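Some notes on the structure that comes next.
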Amino acid sequence: MRMHKKGHLEQRLEACGDILTCADLEDKNMLRAAGIKEYLDFEKIFKNSKPVALEIGCGKGKFICETAVMHPKFNYVACEKISNVIIDACERVKREKISNVYFLNCAAEVLAKYLPPASVEKIYLNFSNPLPKEGYKKQRLTHPRFLEIYRGILKDGGTVIQKTDDKNFYEFSLESYKSSGYKILSACTDLKNNPVEGDVETEHERLFKSQGKNIFRIVAEV
């Protein structure tokens with residue numbers, strides 16, 4: 001089902017231009033597009049040199065907004081490829097005057113176009129689409145081709161922190177991390193009964209918990 005385009009979307013995105021970069025890729029070949037660098041200047045954006053964390057697939061922004069407020073010693077970049085969705089997160093940040101969040105409206109394939117090498121301390125993958133059909137596995141955000149992108153932008157010892165409600169995706173991800181040379185620091189199959197201090201609950205997480213679903217969590221280190 002096609003998502004209804006929000007009213008005045010282009011104007012609203014433009015109004016958030018001080019906290020948002022929208023990818024305008026003339027070359028639809030993602031590999032070539034990622035090779036043309038337009039690195040974000042974090043010190044210019046955030047006006048400080050605090051460490052940077054990245055959320056890939058930020059949705060409407062609940063996790064990134066609450067995490068940024070809870071952990072002000074970090075700066076946060078939130079990536080979301082759907083303009084119709086990211087605008088809600090951008091407008092929340094502006095409304096709540098959260099100063100340590102910046103947004104990227106782009107696909108994960110071109111993150112290395114905007115994020116300098118070894119510039120990110122941690123990456124959050126919260127309830128990414130598990131894409132269960134075999135033919136779509138290369139599109140999963142923990143497929144080795146994406147893990148190679150993350151390796152390039154993570155600092156040495158940086159981590160990927162993943163949550164999912166899908167057991168098969170959890171198991172696929174574990175194997176991907178291992179085969180790509182990541183070190184598994186922790187793997188939890190029941191986050192509800194093993195909560196992590198400082199971990200913010202996402203919209204999807206709250207829904208899945210209310211449905212009695214297990215929440216799986218992995219922390220993998222480069």
Side-chain angles (χ1 to χ4, degrees), residues 30-31 34 51-59 62-64 66-67 71 74 76-81 104 106-112 115 117-222:
M30 294 292 188
L31 185 61
V52 174
L54 166 70
E55 183 186 15
I56 301 174
C58 70
K62 179 184 186 297
F63 176 87
I64 205 67
E66 294 180 17
T67 300
H71 301 286
F74 268 83
Y76 294 88
V77 175
C79 173
E80 171 60 55
K81 68 179 180 180
L104 263 177
C106 74
E109 286 91 340
V110 294
L111 280 170
L115 303 181
S119 62
V120 173
E121 296 275 354
K122 59 181 76 173
I123 293 174
Y124 296 99
L125 298 175
N126 292 315
F127 300 92
S128 311
N129 189 335
L131 297 165
K133 293 183 179 180
E134 180 67 17
Y136 290 101
K137 69 180 181 180
K138 286 188 176 181
Q139 302 301 319
R140 297 171 191 161
L141 290 181
T142 55
H143 186 276
R145 76 184 185 100
F146 284 106
L147 297 185
E148 191 60 28
I149 294 172
Y150 309 157
R151 183 186 298 280
I153 62 178
L154 281 167
K155 293 186 175 182
D156 187 37
T159 54
V160 177
I161 304 167
Q162 177 190 6
K163 290 192 285 189
T164 181
D165 66 307
D166 189 292
K167 183 180 180 182
N168 291 333
F169 187 36
Y170 166 78
E171 293 174 347
F172 170 88
S173 299
L174 274 178
E175 290 306 310
S176 286
Y177 292 125
K178 292 174 184 176
S179 67
S180 298
Y182 283 63
K183 178 182 178 182
I184 304 299
L185 299 183
S186 67
C188 175
T189 59
D190 185 7
L191 186 59
K192 182 177 181 180
N193 290 311
N194 297 278
V196 175
E197 185 178 358
D199 183 44
V200 171
E201 185 180 67
T202 74
E203 297 100 324
H204 286 101
E205 186 173 353
R206 181 179 298 168
L207 172 63
F208 296 146
K209 284 178 179 176
S210 72
Q211 295 172 343
K213 292 185 176 182
N214 275 21
I215 304 300
F216 302 86
R217 185 176 188 267
I218 303 171
V219 181
E221 180 184 73
V222 171

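Not measured: the values here are computed from a predicted model.
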Work out which heavy atom in [X] is nearest to a heavy atom in [Y]; give both atom names and the distance.
{"X": "Ile161", "Y": "Lys122", "result": "CD1-CD, 4.2 Å"}
{"X": "Ile153", "Y": "Ala112", "result": "CG2-CA, 4.3 Å"}
{"X": "Tyr124", "Y": "Ala53", "result": "CE1-CB, 4.1 Å"}
{"X": "Ser128", "Y": "Phe169", "result": "O-CE2, 3.8 Å"}
{"X": "Leu115", "Y": "Ser119", "result": "C-OG, 4.1 Å"}
{"X": "Pro195", "Y": "Lys192", "result": "CD-O, 3.9 Å"}

Legend entry - Candidate list Leu154, Val160, Val120, Leu125, test side chain to side chain contact (heavy atoms under 4.5 Å, CB included), partner Leu54, passing option: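 Exactly one pass, corresponding to Val120.
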N/O donor-acceptor pair under 3.5 Å between [X] side chain and [Y] backbone:
{"X": "His204", "Y": "Asp165", "result": "no"}
{"X": "Ser176", "Y": "Thr142", "result": "yes"}
{"X": "Arg217", "Y": "Lys163", "result": "no"}

Legend entry - Asn126 and Glu205: side chain donor to acceptor below 3.5 Å: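 No pair is found: no donor N or O on one side chain lies under 3.5 Å from an acceptor on the other.
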Measure the spacing between [atom1] of [X] and [atom2] of [Y] and express it to the nearest 0.5 Å.
{"X": "Ile215", "Y": "Arg206", "atom1": "CD1", "atom2": "CZ", "result": "12.5 Å"}
{"X": "Asp199", "Y": "Glu66", "atom1": "CG", "atom2": "CD", "result": "11.0 Å"}
{"X": "Asn214", "Y": "Leu191", "atom1": "CG", "atom2": "CG", "result": "10.0 Å"}
{"X": "Glu121", "Y": "Asp156", "atom1": "CD", "atom2": "CG", "result": "10.5 Å"}
{"X": "Cys188", "Y": "Asn194", "atom1": "SG", "atom2": "CG", "result": "4.5 Å"}
{"X": "Lys178", "Y": "Glu175", "atom1": "NZ", "atom2": "CD", "result": "5.0 Å"}

Please check if the number of heavy atoms outside [X] that lie under 6.0 Å from its [atom1] is greater than 12.
{"X": "Asn193", "atom1": "CG", "value": "yes"}
{"X": "Lys213", "atom1": "NZ", "value": "yes"}
{"X": "Lys137", "atom1": "NZ", "value": "no"}

List the atom pairs, with distances to 0.1 Å, where a side-chain N or O of residues 143-152 and a protein N or O form a donor-acceptor pair under 3.5 Å, not counting sequence neighbours.
residue : atom : partner : partner atom : Å
His143  : ND1  : Arg145  : N            : 3.1
Arg145  : NE   : Lys138  : O            : 2.5
Arg145  : NH2  : Glu109  : OE2          : 3.3
Arg145  : NH2  : Lys138  : O            : 3.3
Arg145  : NH2  : Gln139  : OE1          : 3.3
Tyr150  : OH   : Leu141  : O            : 2.7
Arg151  : NH2  : Ser180  : O            : 2.2

Inset, instruction - Take Ser173 and Thr164, measure what side chain to side chain contact (heavy atoms under 4.5 Å, CB included) needs, and give me the verdict at the end. - result: CA-CA 10 Å; Ser173 299; Thr164 181; over 6 Å; no
Legend entry - Sidechain N-carboxylate O distance under 4.0 Å for Glu203, Lys62: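 No, Glu203 and Lys62 are not salt-bridged.
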Legend entry - Tyr177 and its side chain to side chain donor-acceptor pair (under 3.5 Å) partner, picked from Lys183, Gln162, Glu221: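 When side chain to side chain donor-acceptor pair (under 3.5 Å) is applied between Tyr177 and each of Lys183, Gln162, Glu221, only Gln162 qualifies.
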Inset, instruction - Kindly indicate whether the side chain of Val222, heavy atoms from C-beta on, has any atom under 4.5 Å from the side chain of Tyr182. - result: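 Yes. Closest side-chain heavy atoms under 4.5 Å.
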